[in-house]
Amino acid sequence: MEKSSSLNVFVVKDIPKLNIFKTFDCGQCFRFNPVNYFGHKYEFEGVAFSKYVVFAQDNDNEIYIYNSTEEDYHNIWKKFLSLDVDYESINEKIKDATNSEHMKEAVDYGDGIRILRQNDWECICSFIISQNNNIPRIKKIIESLCSKYGDEHNYNEAKYYSFPSYQVLSNLTEKDIFDLKTGFRAKYILDAAKKISSGEIDLEKIHSSDDFDYCLKELSKIKGIGPKVASCALLFGFEKTEAFPIDVWMKRALLKYFPNGIDLNKLGKTAGIAQQYLFYYEKYNQKP
DNA sequence: CCCCAGGTCGTCA
DNA sequence: TGACGACATGGG
């Protein structure tokens, strides 16, 4: 795939500390992959909000956004990358609230990660697929879901596909979804699509709600959504940064570093970001 | 053959 | 409430 010829690029300068590699490598999104089209230090291509995009970076304080105009940046990517959020002060608050050397190390190790603000429905569906599954296979299933039922777009003779809407999926059969190798998750995906497209579950209402327990309760109405999947969707798709997903890696990290428990109330709205630092630290910082 | 993967469900005590 | 096996699939 040769894309370098005629992609327009928008450069964002003087940004607060952001690390493209960590942000797209830390397991929060499934449709971005490393490439090397333009010769930057880090380059990740993917599709979000129905647009093909490449984020690239050579140093701390600027990024290149390929296939993006300045309008796209202000309308979509700035918010997607959480470039309007002051992570410097969040990091300080996390360190203060936990008062833990381990957390301090995790924050410094993961510094530059941004919690992406992804599409809420895509997050719900993707994290349903993620359960009892590994990341390469999660990505594979999501791509086949998109190429089969998403909208096709063309760019520079290459095809890419948007994430399919819940309306489209709600009209499929369980077998249609099962045939994408989703396994026992097929009925969960269908249940989510149906409950949302029927209006039984209102994503807008969840998105704008400040009542976190209400949000958890609503998403838990969907078969196949438990506390972990709901928390991931709320954190990565609904902008609920107080969400604190606990998976196998987080269980290990909490057991090791916080055997007496961690005070989520004290972390408040920074809990989800603290969680992501701990997760990244535990999973990727292989120490003897 | 085994075990595991960014879990949840149904069942049984 | 909490424990426990089942669940589809593919890679190690």
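A, B, ... follow the sequence lines: proteins, then strands. Residue 1 opens every chain.
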**Q** Mapping A/Ile225 and A/Arg137 to their closest nucleotides on DNA chain B, which lands nearer the 5' end?
**A** A/Arg137
**Q** Look at the side chain of A/Gln275 against the base of B/dG6 and say whether a donor-acceptor pair falls under 3.5 Å; ignore hydrogens and angles.
**A**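 It does, because a donor-acceptor pair links the side chain of A/Gln275 to the base of B/dG6 below 3.5 Å.
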**Q** Give A/Pro227 one of three labels, base, sugar-phosphate or nothing, depending on what nucleic acid heavy atoms sit under 4.0 Å from its own.
**A**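 Counting heavy atoms under 4.0 Å across all strands, the contact made by A/Pro227 is with sugar-phosphate only.
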**Q** Between B/dC3 and C/dC7, how far apart are the two C1' atoms, rounded to whole Å?
**A**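 The answer is 16 Å between these two C1' atoms.
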**Q** Looking at C/dA8, B/dG6, B/dT8, which one has an atom nearest to any side-chain atom of A/Met250?
**A**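 Between C/dA8, B/dG6, B/dT8, the one nearest the side chain of A/Met250 would be B/dG6.
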**Q** A/Leu278 has an atom CG; how far is it from atom C1' of B/dG6, in whole Å?
**A** 14 Å
**Q** When the P atoms of B/dT11 and C/dA8 are compared, how many Å lie between them, rounded to an integer?
**A**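 Looking at atom P only, C/dA8 and B/dT11 are 15 Å apart.
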**Q** Can you check the A/Gln131 CD to C/dT9 C1' distance for me, whole Å?
**A** 13 Å
**Q** The test is side-chain contact (heavy atoms from CB on, under 4.5 Å); show your working for A/Ile124 and A/Leu219 and say whether it passes.
**A** CA-CA 9 Å; A/Ile124 288 174; A/Leu219 290 186; 3.8 Å; yes
**Q** Using the P atom in both, what is the distance from C/dG2 to B/dG6, to the nearest Å?
**A** 26 Å
**Q** Under 4.0 angstrom, heavy atoms only, what part of the nucleic acid is A/Phe279 near: base, sugar-phosphate, or nothing?
**A**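 A/Phe279: base contact, heavy atoms under 4.0 Å.
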**Q** If I take atom CD1 in residue A/Ile129 and atom C1' in nucleotide C/dG10, what distance separates them, rounded to the nearest angstrom?
**A**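 The distance from CD1 of A/Ile129 to C1' of C/dG10 comes to 16 Å, rounded to the nearest Å.
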**Q** So A/Gly226, base contact, sugar-phosphate only, or nothing? Heavy-atom distance under 4.0 Å.
**A**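 Sugar-phosphate contact only - A/Gly226 comes under 4.0 Å of backbone atoms but never of a base.
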**Q** Could you measure the distance from the NZ atom of A/Lys139 to the OG atom of A/Ser126? Nearest 0.5 Å is fine.
**A** 11.5 Å
**Q** Scan A/Cys26 against the nucleic acid and name what it touches under 4.0 Å (heavy atoms): base, sugar-phosphate only, or nothing.
**A**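 Base: the residue A/Cys26, judged by heavy atoms under 4.0 Å, touches a nucleobase.
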**Q** Write down the distance between CG (A/Asp191) and P (B/dG10), rounded to a whole number of angstrom.
**A** 10 Å
**Q** What nucleic acid atoms does A/Ile141 come within less than 4.0 Å of, heavy atoms only: base, sugar-phosphate, or nothing?
**A**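 A/Ile141: no heavy atom of the nucleic acid under 4.0 Å.
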**Q** Measure the distance from CZ on A/Phe127 to P on B/dG6 and round it to the nearest whole Å.
**A** 11 Å
**Q** Is the shortest heavy-atom distance from the side chain of A/Val53 to the side chain of A/Val47 under 4.5 Å?
**A** no
**Q** Under 4.0 Å, heavy atoms only, any strand: does A/Phe30 hit a base, just the sugar-phosphate, or nothing?
**A** nothing
**Q** For the side chain of A/Lys223, counting heavy atoms from C-beta on, which of B/dA5, B/dG10, B/dG6 is nearest?
**A** B/dG10
**Q** Using heavy-atom distances to pick each residue's nearest nucleotide on DNA chain B, tell me which of A/Ser220 and A/Asn133 is more 5'.
**A** A/Asn133
**Q** Nearest whole angstrom, please: distance from the P of C/dG11 to the NZ of A/Lys139.
**A**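 After rounding, the reported distance stands at 15 Å.
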**Q** Between C/dG10, B/dG7, B/dG6, which nucleotide has the shortest distance from any of its atoms to the side chain of A/Lys181?
**A** C/dG10
**Q** Tell me whether A/Arg114 forms a cation-pi arrangement with A/Tyr87, defined as NZ or CZ under 6.0 Å from the six-membered ring centre and within 45 degrees of its axis.
**A** yes
**Q** When you compare C/dA6 with B/dC1, how far apart are their P atoms, in angstrom units rounded to a whole number?
**A**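 That atom pair is separated by 16 Å.
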**Q** Could you state the CZ-C1' distance from A/Phe236 to B/dG6, rounded to the nearest angstrom?
**A**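 After rounding, the gap between these two atoms is 8 Å.
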**Q** If we require ring centres under 5.5 Å and near-parallel planes under 30°, does A/Trp249 stack on B/dG6?
**A** no
**Q** Distance check needed: B/dA5 P versus A/Ile135 CD1, whole Å only.
**A** 11 Å
**Q** Mind checking whether A/Tyr66 and A/Phe38 have ring centres under 6.0 Å apart?
**A**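 Centroid distance A/Tyr66-A/Phe38: below 6.0 Å, so yes.
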**Q** A/Lys140 side chain: which of B/dG6, C/dG11, C/dC7 is closest?
**A** C/dG11
**Q** Could you tell me whether the side chain of A/Trp77 reaches within less than 4.5 Å of the side chain of A/Phe55, counting heavy atoms only?
**A**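 Side chain of A/Phe55 against side chain of A/Trp77, heavy atoms only: contact under 4.5 Å found.
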